[in-house]
Every structure is written in structure tokens, then in C-alpha cells.
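Numbers here are sequence positions counted from 1. Whatever order the structure lists them in is the order used to number ligands and atoms, beginning at 1.
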Amino acid sequence: PQCSLLGLWQNDLGSEMNISAGNNAGKFFGTYLTKVSATHKPIAVSPLRGSQQMGNVKQPTFGFTVTWSFTDSTTVFVGQCFVDDKGKETLQTMWLLRKKVDSIEDNWQATLVGTNNFTRL
Ligand SMILES: O=C(O)CCCC[C@@H]1SC[C@H]2[C@@H]1NC(=O)N2C(=O)OCc1ccccc1
């Protein structure tokens, strides 16, 4: 079974992602609800947009951007969808979180990196 990104996913932090629509050019969009915060702002659902490799790719690679609705940060995820021999899908991803800093002197400390594995909810 080909890995389709469409649907509800949860990652190892408990964050939830809903890929609600995609087109046959590989573009998709959806929403992201993070469950972790280093800020004191209330967490809210945020939009995501991305694209994935299409064609007869069984385990496509993809990337997407989350433009956070409750902070001035942006996160980009990149990864690949894998299907095990029982048909169970996982998304293995890494992300770069760019937080907004007040001055270029702080630019050096503005990007965090992380890994996330998603399974279907
Ligand atoms: O959920 C996942 O799967 C991956 C983790 C994504 C966390 C998101 S990135 C934007 C927002 C959320 N948590 C957080 O601290 N954010 C944020 O904007 O933090 C900015 C910040 C970071 C460190 C220190 C101060 C502010």
C-alpha cells in the first residue's frame, strides 16, 4: 500500500497533524496542533502547507512548513513515509524551528532542530 499523507497523524511528542487535502501535483495542506511549548502563549492550531514526491513512489519523501498561529516562529519538516510489512505507516521526520529573535546579534541562537516520528491516529 502506498503511503498517503492524507489523514490524522500523531507524533512522539503527542502533537497532532491533520493533512486534509492534496492535489495530484503532490501539494498538500492541513493543520498542526503542537503539544509542546517553550513559550507562555496558549497553544493554538496552526496551518501547514507542503509537497510530496508523486508518481509510483511507494514511500514518498515530503516537506512542509508550519506557520505558527500563536508565536512568530516557523517550522519546516522534512521526511519520508514508510510502510512496514503489516502495512503500518510511519512518517520519519526532522524539523528546523526558527524562532523570531529581536536582533541580528541573537540570530546565532534562533534555530532549533528536532526529530519526530508520526503514526496514524
Ligand atoms: O510539536 C512538534 O512536533 C515539534 C515541536 C514544535 C513546537 C512548536 S514550534 C512553535 C511553537 C511550538 N512550541 C514552541 O515552543 N514554539 C515556539 O514558537 O517556541 C519559540 C521558542 C523556542 C524556544 C525558546 C523560546 C521561544
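Between the side chain of Asp106 and the backbone N or O of Gln109, no donor-acceptor pair lies under 3.5 Å.
For Glu16, the side-chain contact (heavy atoms from CB on, under 4.5 Å) partners are Gln10, Lys35, Leu121, not counting sequence neighbours.
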Provide, line by line, the atom pairs where ligand 1 and the protein bring an N/O atom each to a distance under 3.5 Å; else say none.
{"unit_1": "ligand 1", "atom_1": "1 (O)", "unit_2": "Ser15", "atom_2": "OG", "d": "2.7"}
{"unit_1": "ligand 1", "atom_1": "1 (O)", "unit_2": "Thr34", "atom_2": "OG1", "d": "2.6"}
{"unit_1": "ligand 1", "atom_1": "3 (O)", "unit_2": "Asn11", "atom_2": "ND2", "d": "2.5"}
{"unit_1": "ligand 1", "atom_1": "3 (O)", "unit_2": "Ser15", "atom_2": "OG", "d": "3.4"}
{"unit_1": "ligand 1", "atom_1": "3 (O)", "unit_2": "Tyr32", "atom_2": "OH", "d": "2.5"}
{"unit_1": "ligand 1", "atom_1": "3 (O)", "unit_2": "Asn116", "atom_2": "OD1", "d": "2.7"}
{"unit_1": "ligand 1", "atom_1": "13 (N)", "unit_2": "Val36", "atom_2": "O", "d": "2.8"}
{"unit_1": "ligand 1", "atom_1": "15 (O)", "unit_2": "Ala38", "atom_2": "N", "d": "2.6"}
{"unit_1": "ligand 1", "atom_1": "18 (O)", "unit_2": "Thr71", "atom_2": "OG1", "d": "3.0"}
{"unit_1": "ligand 1", "atom_1": "18 (O)", "unit_2": "Ser73", "atom_2": "OG", "d": "2.7"}

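Taking every heavy atom of both residues into account, Val101 and Ala110 meet most closely at CG1-CB, 3.7 Å.
Checked by atom type, the side-chain pair Asp12/Asn116 shows a donor-acceptor distance below 3.5 Å. At a cut-off of 3.5 Å, with distance as the only test, no side-chain donor of Trp9 or Thr119 sits close to an acceptor on the other residue.
Aromatic ring centroids of Tyr32 and Phe77 lie under 6.0 Å apart.
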